Every structure is written in C-alpha cells, then in structure tokens.
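So the structure is just underneath, and the comments pick up after that.
Numbers restart at 1 for each chain; the letters A, B, ... are given by sequence-line order, proteins then strands. Just so we're clear, the structure is a prediction, and the values are computed from it rather than from any experiment.
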Number of protein chains: 2
Amino acid sequence: MFDRPDAEAVKAYLLDLQDQICETLRKTDGGGDFREDRWERPGGGGGRTRIMQDGGVFERGGINFSHVFGAALPPTASASRPELAGRAFQAMGVSLVVHPRNPYVPTSHMNVRFFMAEKPDADPVWWFGGGFDLTPYYGFEEDVMHWHRTARAACQPFGEEVYPRYKAWCDRYFHLKHRDEPRGVGGLFFDDLSEGGFARSFEVMRSVAEHYLPGYLPIVERRRATPFGERERAFQKVRRGRYVEFNLVYDRGTLFGLQSGGRTESILMSLPPEVSWRYEDRPAPGTPEAELYTRFLVPRDWLAEES
Amino acid sequence: MFDRPDAEAVKAYLLDLQDQICETLRKTDGGGDFREDRWERPGGGGGRTRIMQDGGVFERGGINFSHVFGAALPPTASASRPELAGRAFQAMGVSLVVHPRNPYVPTSHMNVRFFMAEKPDADPVWWFGGGFDLTPYYGFEEDVMHWHRTARAACQPFGEEVYPRYKAWCDRYFHLKHRDEPRGVGGLFFDDLSEGGFARSFEVMRSVAEHYLPGYLPIVERRRATPFGERERAFQKVRRGRYVEFNLVYDRGTLFGLQSGGRTESILMSLPPEVSWRYEDRPAPGTPEAELYTRFLVPRDWLAEES
C-alpha cells in the first residue's frame with residue numbers, strides 16, 4: 001500500500017535529471033549551450049527538447065524529456081500485452097545522446113523511462129526501463145573498464161546478479177544484425193522492471209541515471225585534448241554511419257516514435273551530425289582502426305579479472 | 001502458350017542492362033570507373049555489384065544485379081500471398097542509385113525486377129516491378145518536366161492511363177511519413193505487373209529501364225558545370241539525410257535485404273557518401289533552398305499543361 005507507483009514523483013525526478021545533466025554537460029563543453037524547445041503532442045502530453053550543436057567538445061548533444069499520455073492504448077501498442085488494451089496510459093522518460101567532435105572521445109547514450117497503464121477498480125500496470133552504452137571510435141581499455149566499473153557500481157546495491165544480467169541485455173540489444181557487429185562496447189540495458197516493487201525499481205532507475213555522468217565525464221576529460229586529423233575524422237564518420245543504421249533500422253524507441261507521430265526533430269536528435277558511407281571501408285590490419293573491431297567490438301567481459 | 005514466362009530471357013536482359021548503364025555512366029563521369037564484386041548468396045543465387053566512388057561527376061554510384069532463388073519461399077515472404085507458400089522461387093533485378101557531387105545535379109534511382117514462383121503441375125506465378133525517381137537538391141522546372149516527359153514516354157505505348165497511375169504510385173511510395181515530405185520529385189513506380197501476359201509485361205519493364213538514362217543524362221549534362229560552394233554542399237548533405245531516413249526506415253527492398261541476410265555492402269550502396277543531420281535546419285524563406293520545399297517537394301502534376 002505504501003509502495004504505490006507515483007508517476008508525479010518520477011516526473012519531477014526526470015525533469016530535475018535533465019536540468020542537472022544539461023548543466024554539467026554545458027560546463028564540461030566550455031563553449032556551447034543548449035537550446036530548448038518545448039512541444040506538445042496532439043494526442044496528449046509533450047516534452048522538453050534540449051540540443052547543443054557545434055559546442056567546444058560536443059559536436060551535437062541532445063537531451064529530451066517527454067511525457068505522453070492517452071485515454072486508451074492503441075491496439076498495436078498492446079498487441080503483445082492484451083491485459084493493457086483500452087487502459088489509460090502514460091509514458092515518460094529522459095533520453096540523451098552525445099556526439100563529441102574529437103574522434104578519441106566516444107559517443108555516449110543514456111535513457112531512463114517509466115510506463116504506467118491504469119483502469120478503474122484495478123491495480124495499475126507499470127514498469128521502468130533504461131540503461132546507458134558507449135560507442136568509441138578509438139578503443140582504450142582503461143576507458144571501457146572505467147565505464148563498465150561504473151555500470152557495475154550502479155547495479156551493486158540491488159544484487160550481484162544485476163550487472164551481468166543488464167550488461168548481457170545491453171550487448172544483445174545494441175547489435176547490428178545485418179553486420180553481425182555490436183554498436184559499441186555496451187553498458188547496461190533493462191526493461192519491464194517492476195520486480196521488488198515501485199520504490200526499489202525507481203531506485204534502480206535513479207542509480208542508473210546517476211552513474212551515467214560519473215562513467216562518461218572522466219573519459220571525456222582524458223581524451224578531449226588528444227590531437228586528431230583527417231584520418232581519425234574520416235574513420236569516425238564511417239563508424240557514425242553504423243550508429244545511424246542501428247537507430248533507424250532497429251532501435252525500438254526511434255521507430256515507435258517515428259511511427260506514432262512523435263516529434264521527428266526530437267527523435268532524430270540522436271543521429272550524428274556528420275556521417276559517411278564508404279563501400280567496404282575496412283581498416284588495414286594492425287592499425288588502431290582495425291583494433292577497434294578486433295579488440296573492442298567483440299563480446300567481452302570487461303571486468304572478468306576484477307570479480 | 002507462346003506467352004510463357006521466360007526467366008532466362010529476363011536474366012540475360014538484366015545483365016546486359018547493367019553493362020550498358022555502367023558503360024554510359026563511366027563515359028559520362030569522365031574520371032571514375034566501376035569496381036566489380038561478384039558474390040554468392042548462401043541460400044542460393046548471387047549477384048554482381050558495381051560501384052564507383054569519387055568519380056568526376058558521381059561522388060558515389062552503385063549498380064547491383066542480383067538473382068536469388070530457393071526451393072521454398074519462407075513463410076514470412078508468402079504471408080500475404082498464401083498461394084505461394086512452399087513454391088520454389090526466384091527473384092532477379094537491377095537496382096541503381098547515383099549520388100553526384102555537385103548539388104545542382106540531382107540524385108537518381110532506378111530499379112527493375114522480376115519474381116517467379118513455381119511448383120510441379122501448376123502454372124507459375126510471376127510478376128514484374130520497377131520504376132525510377134529523381135531527388136534534386138536545387139529545383140529546376142525544366143529538369144523535372146524533362147524527367148516526367150521521359151517517364152510518360154516510357155509508359156505511352158501501353159496506354160494513356162499507365163503514366164498517371166505509375167506516377168501516383170511513385171509519389172505514394174517515396175514519401176517520408178514522419179516528415180510528411182516526399183523524397184524527391186517522383187517518376188514511376190509499379191509492382192505486381194502481369195496484366196496482359198508475360199511478353200507485354202516484360203516490354204513494360206524494358207521500356208522503363210531504357211528510359212532512365214534518356215531521362216537522367218540530359219539533366220546531368222545541363223548542371224554538372226554549375227559552380228557551387230559550401231552553402232550548396234551543406235544543404236545537399238542535410239537533404240541526403242532524408243534519403244538515408246527513407247531507405248533505412250521505409251524502403252521495402254532495403255529492409256527485406258538486410259533482414260533476409262542479403263549482402264549488406266551491396267544493399268547499402270544506395271546510401272549517400274557524405275551526410276549531415278542538423279536540428280531543425282529549415283532554409284530561410286525566399287532562398288533557393290526554401291523553394292525546393294515549396295515548389296518541388298509538393299504533390300504536383302508536372303505535365304498538367306501538356307496533356
């Protein structure tokens with residue numbers, strides 16, 4: 001009874017989270033700032049889109065808060081969960097993607113979300129989802145290990161089995177099937193979380209959200225001043241093409257958003273600013289570019305020696 | 001009886017078509033040449049991929065011939081046509097996309113294809129499909145009218161109603177729903193064509209294929225020497241992003257190819273070489289860039305005054 005889902009509390013938290021992250025990224029960038037667009041969804045709800053373009057560090061960074069609701073879930077949305085059909089629903093979340101200019105600084109992504117469907121005289125159905133993942137262009141073991149250590153720390157309070165489970169889920173999700181290639185070096189991914197009740201699930205979501213910056217910022221600081229040239233930039237643009245392929249072909253949030261009449265410019269903020277496609281552009285063996293594929297874009301337990 | 005479908009004849013035609021088009025585009029380009037990759041499909045069949053990169057006119061041009069077959073259509077492929085379930089099948093086609101470097105030269109696309117499914121003691125089921133469409137970055141009425149006049153000429157021998165029908169079909173197909181925006185200025189699109197028998201349907205496909213170069217080359221010649229700078233190039237890259245969005249989110253051939261284990265590099269040859277995404281990058285009113293949206297990317301009967 002004292003563990004009833006509290007959508008207002010989640011919403012307040014998410015709005016504050018967006019503020020905090022923007023403020024920190026703005027300071028980190030040093031030059032750029034976020035433009036804000038508030039928007040309304042014709043069907044109910046809306047959002048707060050914030051985007052930085054051509055910053056000092058971040059070539060493009062977008063953070064979106066959205067809260068959408070409706071009187072009845074559309075049939076397509078409840079096809080796989082018939083118990084939700086016809087219920088009033090709300091979905092809210094914060095989603096962010098940061099594309100740095102320097103190819104030695106990885107791209108990062110974080111998303112946390114909450115869903116709830118209600119009807120009179122019945123318990124609400126609700127769950128949390130979220131995660132974060134890292135997409136380097138040039139691989140550094142210490143960066144990836146720091147990222148995964150932070151991911152593990154986010155999960156630690158909730159049991160030893162949580163990190164391996166969410167890490168494996170992330171690897172499965174961010175996979176380009178048509179290239180049999182992971183999008184990056186992974187991190188955490190979870191969905192449908194209500195186990196243990198609302199308070200605990202909300203805590204899991206908060207812990208994931210709050211470990212994103214401690215995971216990412218030290219990597220940004222370590223690599224932001226690394227000199228780079230045309231070669232690194234060309235490789236970064238080709239690799240960014242994979243990011244586009246994943247988001248437009250596979251990413252459920254992106255496709256659902258585009259198909260359900262979401263705000264296109266807010267959804268496609270996740271796409272990188274400058275991208276190339278080259279036919280069979282495979283790096284020569286022995287180069288740092290080849291090493292990204294052979295040592296980093298492979299299934300790997302990054303913390304194997306530390307557990 | 002004398003109008004039985006002849007897959008071998010279609011295949012011979014398509015291979016020759018690929019040769020002819022490559023040869024003409026190579027001469028037109030003046031600097032670049034096509035690299036050829038022959039490939040086999042594990043499930044049966046294969047193809048001949050040809051790509052030009054960094055040519056004199058064509059920044060990227062890909063022409064693919066493929067012929068795939070199998071002993072039984074997979075259930076997903078026959079879901080909407082149960083009469084095909086379990087039949088041996090073959091599909092063949094030529095598909096090409098040309099991305100010129102100069103933003104005043106439009107991108108063009110052409111595809112023709114033939115499908116046949118057979119089983120013992122039954123008539124084969126077969127059809128043709130195809131079309132071509134144009135995607136300008138800067139609009140010129142004379143170019144678009146020439147393109148549509150050529151499209152109309154391709155259809156003319158088969159009846160007055162064919163061009164308006166295939167033109168409208170093209171407009172419906174090449175539409176970015178999430179932006180409520182056409183991909184370009186259209187052309188022709190047809191599918192499931194078997195009406196009138198094999199000989200006539202094959203003739204329609206050939207006529208469409210053979211009107212592609214007469215439609216496109218005069219436009220290339222007219223615009224290839226137009227001077228351009230950073231501004232035009234930036235706009236071209238943003239507009240190319242729409243091409244990527246269409247091909248990865250909507251195009252049936254691309255998605256079917258990626259999902260069915262097709263050769264990824266051959267399928268994604270259609271993507272442009274250098275692309276940008278900018279947040280809400282809307283051209284200022286009164287500019288040539290704005291005119292593309294207001295005068296060209298709108299539903300329009302280009303030959304209204306000529307019929």
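- Interface remark: B:D54 contributes side-chain atoms only to the contact with chain A (heavy atom separation under 4.5 Å).
- In this structure, B:D19 pairs ionically with B:R48, as a charged nitrogen and a carboxylate oxygen lie closer than 4.0 Å.
- Contact of A:V238 with chain B is not made at all, since no heavy-atom distance falls under 4.5 Å.
- Aromatic rings from A:F174 and A:F246 are positioned such that their centres are separated by under 6.0 Å.
- A salt bridge links B:R231 to B:E289: at least one charged side-chain nitrogen sits closer than 4.0 Å to a carboxylate oxygen.
- A salt bridge links A:E23 with A:R26; the closest basic N to acidic carboxylate O contact falls under 4.0 Å.
- Of the listed residues B:R60, B:M269, B:R263, the one with more heavy-atom pairs under 4.5 angstrom with chain A than any other is B:R60.
- A salt bridge is absent between B:E245 and B:R183: the closest approach of a Lys/Arg side-chain nitrogen to an acidic carboxylate oxygen does not fall below 4.0 angstrom.
- Using a 4.0 Å cut-off between charged side-chain N and carboxylate O, B:E232 and B:R239 make no salt bridge.
- With a threshold of 4.5 angstrom between heavy atoms, B:Q53 approaches chain A through side-chain atoms but not through N, CA, C or O.
- Here B:D37 is the residue among B:D37, B:I267, B:L255, B:T254 with the most heavy-atom pairs under 4.5 Å with chain A.
- For A:E265, the parts lying near chain B are the backbone and the side chain together; criterion is any non-hydrogen pair under 4.5 Å.
- Proximity to chain A is limited to the side chain of B:I51, based on heavy atoms less than 4.5 angstrom apart.
- Taking chain B as the reference chain and counting heavy-atom pairs below 4.5 Å, the highest number among A:R240, A:E280, A:K237, A:E274 is found for A:E280.
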